[in-house]
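Taking it in order: structure first as structure tokens, then the write-up.
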Number of protein chains: 2
Amino acid sequence: MNTISVLLVDDHTVVRSGLKALLGTQGDIAVVGEAASGEEALEAAHDHKPAVVLMDLAMGAGMDGIEAIKLLRQWNPKQAVIVFTTYDSDADIVRAVDAGAMGYLLKDAAPEEIFAAVRGAVQGKSVMSAPVASRLFQQLRNPDEILTPREAELLSLLTEGLSNRDLGKRLFISEATVKTHLAHIYAKLGVETRAAAIATAIRREGMR
Amino acid sequence: MNTISVLLVDDHTVVRSGLKALLGTQGDIAVVGEAASGEEALEAAHDHKPAVVLMDLAMGAGMDGIEAIKLLRQWNPKQAVIVFTTYDSDADIVRAVDAGAMGYLLKDAAPEEIFAAVRGAVQGKSVMSAPVASRLFQQLRNPDEILTPREAELLSLLTEGLSNRDLGKRLFISEATVKTHLAHIYAKLGVETRAAAIATAIRREGMR
DNA sequence: ACCGGTATCAGCCAAAAGGTGGAGAGACCA
DNA sequence: TGGTCTCTCCACCTTTTGGCTGATACCGGT
């Protein structure tokens with residue numbers, strides 16, 4: 001059996017070290033590189049040609065994980081990428097899958113889960129943590145609750161505490177349009193006020 | 001030189017594994033136990049009598065880290081505890097220090113920082129990551145910005161998206177009083193709208 | 001006994017937000 | 001071509017929020 005080469009991308013030294021230790025116990029998996037940022041990840045992928053990239057989404061400054069995934073797959077469309085992150089926000093999951101992620105693991109995943117995901121990824125199988133999968137299914141079941149791109153954009157700005165007027169200025173639309181979008185967002189999120197919408201957005205959609 | 005015994009408490013297997021690997025490279029530090037929850041931590045501390053406990057604050061279900069620190073120090077007032085967490089929310093920092101934490105590290109800390117914190121802790125020195133320290137200083141410099149207990153209570157409910165009327169009902173006070181408290185909260189947080197207050201509360205104060 | 005901080009309440013007014021209903025333009029797909 | 005989705009905009013009205021000023025009451029420390 002061929003050994004599977006893996007590149008670790010995470011800005012936390014501790015996490016990289018932990019993954020390396022865990023993956024090192026498996027004879028068929030070898031960590032061939034580490035990166036602490038999206039930029040480093042691209043470079044390392046180019047140098048080491050890993051079979052699988054294990055990537056965190058939130059990485060301090062600079063390029064975020066999603067962007068890195070897109071660029072990785074642009075440069076090598078067959079590159080297998082597994083997201084390995086702390087959060088299971090709806091928005092992140094969708095964006096990661098869109099960007100071409102093969103799997104989506106949470107950091108509290110059991111080691112066996114991680115091994116399985118890595119092995120599956122090289123065979124084109126996608127593996128995701130249970131909470132992640134259930135969120136995806138929930139979205140498929142309730143397509144009415146999916147925000148349109150424009151609505152998502154507005155919601156994101158909303159979480160910064162802007163007024164309707166400011167939202168309009170920022171998006172180059174009238175206040176009337178802002179109110180229309182907001183009404184739709186409230187309905188989809190199942191809330192009645194902007195306050196609740198912000199709370200829901202930050203907590204559930206992971207818009208921080 | 002005596003070796004320093006350390007107990008790791010974190011619900012993420014990967015993080016425990018990473019800490020173990022990093023600490024293992026230091027001759028004077030030995031990991032004597034691991035725990036994935038507050039409950040396990042108390043048991044393990046009782047069994048192994050570690051010199052230092054490295055503890056995450058957010059631990060899925062059950063007892064949280066703060067509670068665990070309090071109990072640990074109740075049972076052994078000299079127990080050195082270092083918080084090792086992802087976030088640097090003001091509220092968490094204050095609560096952890098109150099509970100008796102000797103240090104406060106963020107998960108993106110460099111390995112050397114972690115080693116120094118462990119060694120310092122056994123000598124009664126407290127070590128904290130730079131962002132954490134700066135937040136503490138900021139609070140000391142601006143005591144005017146500290147919320148009163150009542151205000152904090154109200155802010156916490158605010159993040160659930162309640163209206164002024166509902167806040168009044170929930171706290172058994174008039175709407176007028178709610179408005180007074182809110183005005184004070186806005187001033188202290190440096191915001192002008194409830195939307196911004198909620199965003200600030202959830203992001204900065206860690207009220208999730 | 002006085003003072004500062006906290007918590008409670010009131011009234012007034014302007015601004016912001018929310019609810020309702022309607023409508024036109026462009027994209028995309030069957 | 002017709003239907004659906006999305007984005008845009010408008011008017012009218014009610015409710016909510018925020019800014020301001022001022023007031024009473026309790027507690028704790030000096």
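The figures that follow rest on heavy atoms only: side chains count, while hydrogens, waters and symmetry mates do not. Order of the sequence lines sets the chain letters (A, B, ...), proteins ahead of strands, with each chain counted from 1.
Remark: C1' of dT17(D) and CZ of Arg165(A) are 14 Å apart, rounded to the nearest angstrom. Between the P atom of dC7(D) and the CD1 atom of Ile185(A) lies a distance of 10 Å, rounded to the nearest Å. The separation between Leu147(B) atom CG and dT6(C) atom P is 10 Å, rounded to whole Å. In this structure, the CG atom of Asn164(B) is 14 Å from the P atom of dT8(C), given to the nearest Å. As rounded to whole Å, 12 Å separates atom P of dC9(D) from atom CD of Glu175(A). Summarising the geometry, the separation between CZ on Phe172(A) and P on dT8(D) is reported as 12 Å, rounded to the nearest angstrom. We find that OH of Tyr186(B) is positioned 12 Å from C1' of dG19(D), with the value rounded to whole Å. The nearest whole Å value for the distance from the CG atom in Leu182(B) to the C1' atom in dG19(D) is 13 Å.
Closest of all the heavy-atom pairs between Lys70(B) and Ala99(B) is CG-CB, 3.7 Å.
The number of heavy atoms from other shown groups lying within 6.0 Å of NZ (Lys169(B)) does not exceed 12.
Of the candidates dA16(C), dG18(C), dA7(C), the closest approach to any side-chain atom of Ser163(A) belongs to dA16(C). Relative to the side chain of Ile173(A), the nucleotides dT8(D), dT16(D), dC9(C) differ in distance, and dT8(D) lies closest. Closest to the side chain of Arg150(B), out of dT16(D), dA7(C), dG18(C), is dA7(C). When each of dC9(D), dG18(D), dA16(C) is scored by its nearest atom to the side-chain atoms of Lys179(B), the top-ranked nucleotide is dG18(D).
The residue Thr177(A) sits close to a base: some heavy atom pair falls under 4.0 Å. Residue-level contact check: Glu192(B) touches the backbone only, with heavy atoms under 4.0 Å from sugar-phosphate atoms and none from bases. Among the protein residues, Thr180(B) comes within range of the nucleic acid bases, having at least one heavy atom under 4.0 Å from a base atom.
Nucleotides of DNA chain C nearest to Pro149(B) and Ala176(B) differ in position, and the one nearer the 5' end is that of Pro149(B).
Without hydrogens or angle criteria, Ser5(B) side chain to Ala51(B) main chain gives a donor-acceptor distance under 3.5 Å.
The side chain of Ser174(A) contributes an N or O atom lying less than 4.0 Å from OP1 or OP2 of dC9(D). OP1 or OP2 of dC7(D) has at least one side-chain nitrogen or oxygen of Thr148(A) nearer than 4.0 Å. Regarding contacts with the backbone of dA17(C), every side-chain N or O of Arg194(B) stays at 4.0 angstrom or more from both OP1 and OP2.
Between Arg170(B) and Glu160(B) there is a salt bridge, since a side-chain N of the basic residue sits under 4.0 Å from a carboxylate O of the acidic one. Between Lys107(A) and Asp11(B) there is no salt bridge, since none of the side-chain N atoms of the basic residue sits less than 4.0 Å from a carboxylate O of the acidic one.
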